Amino acid sequence: MSAIAAASDQWANQYDTNQNHTRDLEAQALREMLGADPLGAVLEIGCGTGKNTVWLAQRATQVLAVDFSGEMLARARAKELPPHITFAQADITQPWDFAPAGAFDLVTFSLVLEHIEDLRFVFSQAVAWLRPGGRIYVGELHPFKQYVGSQARFDTAAGERVAVPVFQHHVGEFWAAAQAAGLRLTELREWFDADETTPPRLLTLVFTRHP
Ligand SMILES: C[S@@+](CC[C@H](N)C(=O)[O-])C[C@H]1O[C@@H](n2cnc3c(N)ncnc32)[C@H](O)[C@@H]1O
């Protein structure tokens, strides 16, 4: 098991209950960015404990929620879920064989891509799983926040601080990886805490596959 998967399994115990401003702001950002319109068939990558899964399902014809952490998936499955949500346990750094290609209108990545070294591979897979005209939503800890020392971390019940392994991706790297996969950037927003003179906490991007 990778160090990231092991840390995610451990994090699952506290993920929904620890104080976590990034988790909460991303939930708000995804809801505002994707709005009230129907979402069609959704592939949610790195669903974790299902923070966004039920909300997506309320607007979707189906949601396939994917994660490589068995403990994160167990927390998500334990929530009250409509029947059109299904789950798959898979490592997205390997070829995606967990769903039919070309079947989705929207692929979402919420707080996942900082754990992925090779963005180009993941974007190339995501595009193959999208229908023409489909969208990719990315909600990430803003790289500016990484530059000043923030990263995914949590405190265990025993008071131990665990840092989850991350990779640093500059804003331009997201764009370049998406561009290489044939995607067009259609929306970019930065999300701040109350004090907008400090670095933004989140970066959100929406890309569209050419029809
Ligand atoms: C910070 S959590 C975010 C969970 C959820 N999307 C949210 O916004 O609350 C990151 C999630 O990505 C998953 N993840 C990280 N690397 C992954 C990989 N290579 N394949 C599949 N899932 C991965 C972790 O297991 C974890 O559940």
Side-chain angles (χ1 to χ4, degrees), residues 1-34 39 42-57 60 63-79 81 85-99 106-126 129 136-143 145-146 150-156 161-169 177 191 201-205:
M1 181 190 285
S2 76
I4 300 172
S8 293
D9 273 354
Q10 206 185 354
W11 199 3
N13 290 321
Q14 295 91 5
Y15 193 81
D16 287 341
T17 50
N18 272 6
Q19 188 181 70
N20 183 335
H21 297 307
T22 304
R23 173 200 63 204
D24 297 343
L25 186 59
E26 197 285 325
Q28 180 194 334
L30 174 132
R31 284 154 180 72
E32 283 188 34
M33 292 284 287
L34 296 179
L39 300 176
V42 176
L43 178 57
E44 186 190 13
I45 297 296
C47 63
T49 60
K51 177 190 84 186
N52 292 328
T53 312
V54 173
W55 187 89
L56 289 168
V63 176
L64 173 59
V66 178
D67 205 290
F68 68 175
S69 161
E71 293 297 323
M72 287 282 191
L73 284 170
R75 300 303 185 289
R77 284 192 171 106
K79 295 197 161 114
L81 302 168
I85 300 177
T86 52
F87 293 94
Q89 186 168 9
D91 181 348
I92 60 156
T93 65
Q94 303 301 313
W96 295 13
D97 58 3
F98 40 77
L106 174 69
V107 178
T108 70
F109 296 95
S110 294
L111 306 178
V112 183
L113 294 178
E114 70 174 317
H115 305 296
I116 301 298
E117 185 169 19
D118 184 354
L119 292 182
R120 286 183 182 235
F121 173 75
V122 166
F123 273 109
S124 72
Q125 296 294 289
W129 264 255
I136 293 181
Y137 162 87
V138 173
E140 273 303 304
L141 184 68
H142 201 296
K145 216 51 187 165
Q146 289 186 318
S150 288
Q151 78 152 96
R153 63 167 82 90
F154 63 93
D155 295 325
T156 67
R161 178 148 288 195
V162 178
V164 185
V166 292
F167 303 93
Q168 202 169 71
H169 299 299
W191 302 75
R201 180 173 290 278
L202 278 185
L203 172 70
T204 56
L205 305 161

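First listed ligand is number 1; within each ligand, the first listed atom is number 1. A quick note: this is a predicted structure, and the numbers were derived from the prediction, not measured.
Looking at T156 and Q10, their side chains never bring a donor and an acceptor atom within 3.5 Å of each other. Under 3.5 Å, the side chains of N52 and E26 contain a donor-acceptor pair of N or O atoms.
Under a 3.5 Å cut-off, the side chain of R23 and the backbone N or O of Y15 do form a donor-acceptor pair. Listed for the H169 side chain is a donor-acceptor partner under 3.5 Å among the backbone atoms of I116. Although no hydrogens or angles enter the test, the distance criterion places no donor-acceptor pair under 3.5 Å between the side chain of D91 and the main chain of F68. Remark: the backbone N or O of V112 is paired with a side-chain donor or acceptor of E140 at under 3.5 angstrom.
For ligand 1, none of its N or O atoms has an N or O atom of V112 under 3.5 Å away. Remark: ligand 1 and I45 share no N or O pair separated by less than 3.5 Å (distance only, no angle test).
Residue contact check: K51 has heavy atoms under 4.0 Å from atoms 7 (C), 8 (O), 9 (O) of ligand 1. Of all atoms in ligand 1, listed by their number and element, those nearer than 4.0 Å to a heavy atom of W11 are 1 (C). Counting atoms of ligand 1 from 1 in the listed order, those under 4.0 Å from a heavy atom of D91 are 18 (C), 19 (N), 20 (N). Every atom of ligand 1 with a heavy atom of S69 under 4.0 Å away is listed here by number and element: 25 (O). Close approach of ligand 1 to T93 is summarised as follows: ligand atoms under 4.0 Å from at least one heavy atom of the residue are 19 (N).
At least one heavy atom of A90 sits closer than 4.0 Å to an atom of ligand 1. Heavy atoms of C47 come nearer than 4.0 angstrom to ligand 1 in at least one pair. Residue I116 places a heavy atom less than 4.0 Å from ligand 1.
What sits closest to atom 20 (N) of ligand 1 on the protein, heavy atoms only, is I92 N, 3.0 Å. Regarding atom 9 (O) of ligand 1, its nearest protein heavy-atom neighbour is Y15 OH, 2.7 Å. At the shortest separation from atom 15 (C) of ligand 1 among protein heavy atoms lies F68 CE2, 3.5 Å.
Nearest-residue assignment for atom 10 (C) of ligand 1 (options L30, D67, V164, L111; heavy-atom criterion): L111. Summarising the contacts of atom 5 (C) of ligand 1 with G50, S8, A6, G46, the nearest heavy atom is found in G46.
Within the 4.5 Å cutoff, no side-chain heavy atoms of D118 are placed close to those of F167.
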Inset, instruction - Could you go through the side-chain contact (heavy atoms from CB on, under 4.5 Å) check for L56 and L34 one step at a time? - result: CA-CA 9 Å; L56 289 168; L34 296 179; 3.9 Å; yes
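Under a 4.0 Å N-O distance rule, the pair K79/D16 qualifies as a salt bridge.
A side chain to side chain donor-acceptor pair (under 3.5 Å) with R75 is found for one member of N13, T49, D67 and no other, namely N13.
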